[in-house]
Amino acid sequence: MLSYEGIFFEGETVDFIHSLEKNQLPIINDEIHCTFKYHPSENEIFDNLVGKEIQVLLIGYGYDGKNSGFELQLPSEIMQYYINYDEENPQKLKVPHITASLAEGAKASKTKNLHFEPLPKPVAITGKFAYWIKTTECEYVSYDPYNNTRQSRKIK
């Protein structure tokens, strides 16, 4: 099942993001991503973007003792795909963000509530649009179109 979709960051980019944290918390998030939609419906699945590299800007940093994360500025041509509406206010989009680290018992979903202080200057990073797939056996990032992933899973 497609759990969520968004931009995922890997390797040296993840290390670089953590190096920018002013207040790193004990639980290091190694699945750094910016969620575009949680549990997307059929017409909210963007196979035309999956696997594409997307450059974003880190523009703010927030920390409250439980969550540490960064505010992102998405490219204007990608904003139409960002449909991550706030559950508490369904008319309002969440601030595009990533969770860098957490305190014990904290939830990554609360990073959206941080007060993000502007960074001295924006920092460009690049990730890839992908899907987080969750099955009864495992969870993983998929850079393949969802319809192909589902088809190949049914064949096996």
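The residues of the chain are indexed from 1 along the displayed sequence.
- Other residues sharing a hydrophobic cluster with Met1 under the 4.5 Å side-chain heavy-atom criterion for ILVMFWY residues do not exist; the residue is a singleton.
- Applying the salt bridge (charged side-chain N to carboxylate O under 4.0 Å, His left out) test to every pair with at least one member in residues 82-103, sequence neighbours left out, gives these pairs: Asp86-Lys112, Glu87-Lys94, Glu87-Lys112, Glu88-Lys112.
- Once rounded to the nearest 0.5 Å, the distance linking CG of Asn84 with OH of Tyr4 reads 11.5 Å.
- In this structure, the separation between CD on Glu5 and NE2 on His33 is 11.5 Å, given to the nearest 0.5 Å.
- Applying the side-chain hydrogen bond (donor to acceptor under 3.5 Å, both in side chains) criterion to Tyr63, with sequence neighbours excluded, gives no partner residue.
- Hydrophobic clustering of Ile, Leu, Val, Met, Phe, Trp and Tyr side chains at less than 4.5 Å, counting indirect connections, unites Ile133 with Ile45.
- Leu93 is connected to Ile98 through a chain of hydrophobic side-chain contacts under 4.5 Å among Ile, Leu, Val, Met, Phe, Trp and Tyr, so both are in one cluster.
- In terms of the side-chain hydrogen bond (donor to acceptor under 3.5 Å, both in side chains) criterion, residue partners of Glu10 (sequence neighbours excluded) are, by chain and number, Tyr143.
- With sequence neighbours excluded, no residue satisfies ring-ring contact (aromatic ring centres under 6.0 Å, His included) with Tyr38.
- When all heavy atoms are compared, the tightest approach of Gly65 to Ala103 is O-CB, 3.4 Å.
- For the salt bridge (charged side-chain N to carboxylate O under 4.0 Å, His left out) condition, no pair includes a residue of residues 62-85, sequence neighbours left out.
- Remark: Phe116 pairs with no residue by the ring-ring contact (aromatic ring centres under 6.0 Å, His included) rule, at least two apart or across chains.
- Among all heavy-atom pairs drawn from Pro75 and Val56, the shortest one is CD-CG1, 4.1 Å.
- Here Lys128 pairs with nothing under the side-chain hydrogen bond (donor to acceptor under 3.5 Å, both in side chains) rule; sequence neighbours left out.
- Residues satisfying the side-chain hydrogen bond (donor to acceptor under 3.5 Å, both in side chains) test with Glu104, not counting sequence neighbours, are none.
- Residues Ile59 and Leu72 do not share a hydrophobic cluster, clusters being chains of Ile/Leu/Val/Met/Phe/Trp/Tyr side chains in contact below 4.5 Å.
- Ile7 has its side chain within reach of Leu74: a pair of non-hydrogen atoms, C-beta onward, lies under 4.5 Å apart.
- Under the 4.5 Å side-chain contact rule for hydrophobic residues, Tyr61 and Leu20 share a cluster.
- Residue pairs meeting the side chain to side chain donor-acceptor pair (under 3.5 Å) criterion with at least one member in residues 15-28, sequence neighbours excluded: His18-Glu21, Glu21-Gln24, Glu21-Ser68, Glu21-Ser101.
- Between Ala100 and Phe70, the closest heavy-atom pair is CB-CE1, 4.2 Å.
- Separating the CG atom in Leu49 from the CD atom in Gln80 is a distance of 8.0 Å, to the nearest 0.5 Å.
- Gln91 meets the side-chain contact (heavy atoms from CB on, under 4.5 Å) test with Asn89; sequence neighbours excluded.
- By the ring-ring contact (aromatic ring centres under 6.0 Å, His included) test, Tyr81 pairs with Phe46, sequence neighbours left out.
- Going from atom CZ of Phe129 over to atom SG of Cys34 covers 9.5 Å, rounded to the nearest 0.5 Å.
- Ile17 and Val141 fall into different hydrophobic clusters, where Ile, Leu, Val, Met, Phe, Trp and Tyr residues are linked whenever their side-chain heavy atoms come under 4.5 Å apart, directly or through other members.
- Using a 4.5 Å heavy-atom threshold, the side chains of Val50 and Asp144 count as separate.
- Taking all atoms of both residues into account, the shortest heavy-atom contact from Ser3 to Pro40 is O-CD, 4.1 Å.
- Taking OG1 from Thr35 and NZ from Lys37, the interatomic distance works out to 11.0 Å, rounded to the nearest 0.5 Å.
- Note: Trp132 and Phe8 have parallel aromatic rings, judged against thresholds of 30 and 60 degrees for the angle between ring planes.
- In this structure, Asn67 CG and Leu25 CG are separated by 7.5 Å, a value rounded to the nearest 0.5 Å.
- With hydrogens and angles left out, the side-chain atoms of Thr99 and His97 include no donor and acceptor closer than 3.5 Å.
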